[in-house]
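In what follows, a structure is listed as structure tokens, so that the remarks can point back to it.
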Amino acid sequence: MVIQRIGGETVVLYADLRERLEVFEAIRSIATLPGEFTTKTVKGSLYHYYQAALPGGRVQFYIGSDSNDIRRLIAERIEGKEPAYADQRLFQQLASQIIAGGVVAVPTEIARILNCMANSAVFRAGGVLVGSVALHVMATHLGVHLQDSIRTTQDIDIAGESRVKVAVPNLRADVPAAIESLRMGFFPVPRLSNKEPSTSYAIRGKTLRIDLVTPMKGNHNTPVHIHRFNAAAQPLKYLEYLIEDPINAVMISGTPCLVKIPQPARFALHKLIISQERDISSTDKKNKDIQQAKALLEILREDMPTEIEKALTSLTNYAGSWTKNLKKTCKEYNVL
């Protein structure tokens, strides 16, 4: 058995933390921004600046000459700063209690990266965490533990559509700048063609890697620039179904954060579909696809069977190899 239930009290704590983080994200204000206001006096006149730490070091942004509006902005920052810090301390306390309840925290380095992405608005701008890290987060969201053998990975996969969604028309996130600000030694991984932009970031001597992916349009597999991420992403088949209508979930670590992940039922069916695309050299990956899908489907059958039905119904909107791959996998491995 690869599944173990999380205790009821811990499940309640997780639900509380998720709700609080959703509210926190909804009311983000100047009080939550990293940095501080500062002033300069030039020829007897007072000028205001905002000082922040960016990838290239500390910089100052000019706000304007002294005025009532700017003073009000500074007052709002000062008044809201302590409540924002109190919220963060509460989130960390709840996460500690959840971890004490038996939930396996996301590894420290990965958690640091996801926190950076969340604080840089990547998920609010339409980014979706996919891959095995998403499964780790998803398992906790569903109230279960999964064996390390089917969820452990050092790859962080973030997906995004090249076209802007109506819900986030003007929101942008600078992914390369966010990665650089981590100062962990990430570098863009060169592609075979030096004319193509990198879609992956790695650290020399480590297996830790960040990959940006996007749904494939037609048969075009060359990198696609995602304007609101200021980065290129690798097109992948079958991805649009996976990242449609993602859900909020909490990445549990010492400092938790809210991330977007796929719907669990879609995640399971997607794994069954892409398993048929693995060649003989990727047998281990194919086996992991099947194991992950079976584990999720077992949970969903018991807790949310209608979610599987909804995911199957949504799949009918996709023709060709989608349903063919799914039927072949189900027959081969006796799934569904």
Got Leu300 and Pro264 here, is their nearest side-chain heavy-atom distance under 4.5 Å? yes
Determine the minimum heavy-atom distance between Glu240 and Pro215, stating which atoms define it. OE1-CB, 3.6 Å
Short N-O contact, Glu161 and Lys217, less than 4.0 angstrom: yes
Is Asp279 salt-bridged to Lys285, going by a charged N under 4.0 Å from an acidic O? no
Just how far is it from atom CG of Leu17 to atom CD1 of Ile252, taken to the nearest 0.5 Å? 5.0 Å
Side-chain heavy atoms under 4.5 angstrom apart, residues restricted to Ile, Leu, Val, Met, Phe, Trp, Tyr: same cluster for Val12 and Ile98? no
Is Lys40 close to Leu46 at the side-chain level, that is, under 4.5 Å between some pair of heavy atoms? no
Would Met304 and Leu142 satisfy side-chain contact (heavy atoms from CB on, under 4.5 Å), going step by step from the backbone distance to the final call? CA-CA 10 Å; Met304 295 177 283; Leu142 292 173; 3.4 Å; yes
Shared hydrophobic cluster, Ile179 / Phe187 (ILVMFWY, side-chain heavy atoms < 4.5 Å): no
Minimal non-hydrogen separation, Ala111 against Val106, with atom names: N-CG1, 3.8 Å
Which distance, rounded to the nearest 0.5 Å, do you find between the OG1 of Thr199 and the CD of Gln234? 5.0 Å
Compute whether any side-chain donor of one residue and acceptor of the other, for Ser132 and Gln292, lie under 3.5 angstrom apart. yes
Scan side-chain atoms only and decide if Ser314 and Arg266 contain a donor-acceptor pair under the 3.5 Å cut-off. yes
Residues Ala265 and Ala311: closest non-hydrogen pair is CB-CB, 3.6 Å
Chi angles and distances behind the side-chain contact (heavy atoms from CB on, under 4.5 Å) call for Thr140, Met251: CA-CA 9 Å; Thr140 303; Met251 185 276 299; over 6 Å; no
Do Cys257 and Leu21 have side chains that approach each other closer than 4.5 Å (heavy atoms only, starting at C-beta)? no
Could you give me the CA-CA distance, side-chain angles and deciding distance for Ile273 and Thr329, then say whether side-chain contact (heavy atoms from CB on, under 4.5 Å) is met? CA-CA 7 Å; Ile273 292 168; Thr329 304; over 6 Å; no
Do Tyr241 and Tyr238 sit in the same hydrophobic cluster, where Ile, Leu, Val, Met, Phe, Trp and Tyr count as joined when their side-chain heavy atoms come under 4.5 Å apart? yes
Measure from the side-chain N and O atoms of Asn115 to the backbone N and O of Thr255, and report whether any donor-acceptor pair falls under 3.5 Å. yes
Identified salt bridge (Lys or Arg N to Asp or Glu O under 4.0 Å) counterpart of Glu277 within the set Lys324, Lys286, Lys237: Lys237
State the CD-CG distance between Glu25 and Leu258, to the nearest 0.5 angstrom. 5.5 Å
Please determine whether the number of non-hydrogen atoms from other residues, nucleotides or ligands lying under 6.0 Å from atom CG of Asn334 exceeds 12. no
Do Val189 and Ile203 land in one hydrophobic cluster if side-chain heavy atoms of ILVMFWY residues count as linked below 4.5 Å? no
For the residue pair Thr214 and Ser162, confirm or rule out a side-chain donor-acceptor distance under 3.5 Å. no
Is there a path from Leu296 to Ile247 through hydrophobic residues (I, L, V, M, F, W, Y) whose side chains come within less than 4.5 Å of each other? yes
In the structure I gave you, are the side-chain heavy atoms of Val213 and Leu239 within less than 4.5 Å of one another anywhere? yes
Side chains of Arg5 and His145: do they bring a donor and an acceptor to under 3.5 Å? no
Test Val133 against every option in Leu114, Ile261, Asp157 by the side chain to side chain contact (heavy atoms under 4.5 Å, CB included) rule and name the one that passes. Leu114
Quick test of your reading of the model: are Lys206 and Glu109 salt-bridged, counting only N-O distances below 4.0 Å? yes
Closer than 3.5 angstrom, by distance alone: can the side chain of Ser120 be matched with the main-chain N or O of Cys116 as a donor-acceptor pair? yes
Check this for me: Glu196, atom CD, are more than 12 non-hydrogen atoms of other residues, nucleotides or ligands nearer than 6.0 Å? yes
Is Arg209 paired with Asp211 through a side-chain N to carboxylate O contact shorter than 4.0 Å? yes
Salt-bridge contact Glu332-Lys328 (side-chain N to carboxylate O under 4.0 Å): no
Give a yes-or-no answer on whether the side chains of Tyr14 and His141 include a donor-acceptor pair shorter than 3.5 Å. yes
Hey, is the main chain of Asp174 close enough, under 3.5 Å, to the side chain of Asn230 for a donor-acceptor pair? no
Check Leu208 against Phe186 and note the closest heavy-atom contact, atom names and distance. CD2-CZ, 3.9 Å
Are Tyr318 and Thr323 close enough that some pair of their side-chain heavy atoms sits under 4.5 Å apart? no
Answer whether the closest heavy-atom distance between the side chains of Met216 and His220 falls below 4.5 Å. no
Grab the two heavy atoms, one from Pro223 and one from Pro197, that are nearest each other, plus how far apart they are. CG-O, 3.7 Å
Using a strict 4.0 Å threshold on nitrogen-to-oxygen distance, state whether Arg301 and Glu307 make a salt bridge. no
Answer yes or no: is there a donor N or O on one side and an acceptor on the other, between the side chain of Ser282 and the main chain of Arg278, under 3.5 Å? no
Salt-bridge contact Asp16-Arg20 (side-chain N to carboxylate O under 4.0 Å): yes
Got Leu269 and Leu326 here, is their nearest side-chain heavy-atom distance under 4.5 Å? yes
Looking only at non-hydrogen atoms, find the nearest pair between Tyr201 and Ala231 and report the distance. OH-CB, 4.4 Å
Out of curiosity, Phe91 CZ to Arg18 CZ, how far, rounded to the nearest 0.5 Å? 14.0 Å
Could you tell me whether the side chain of Gln263 and the main chain of Asp245 form a donor-acceptor pair under 3.5 Å? yes
Are side-chain heavy atoms of Ile156 and Leu129 found at a separation under 4.5 Å? yes
Can you tell me if CZ on Arg71 sees more than 12 non-hydrogen neighbours from other groups inside 6.0 Å? no
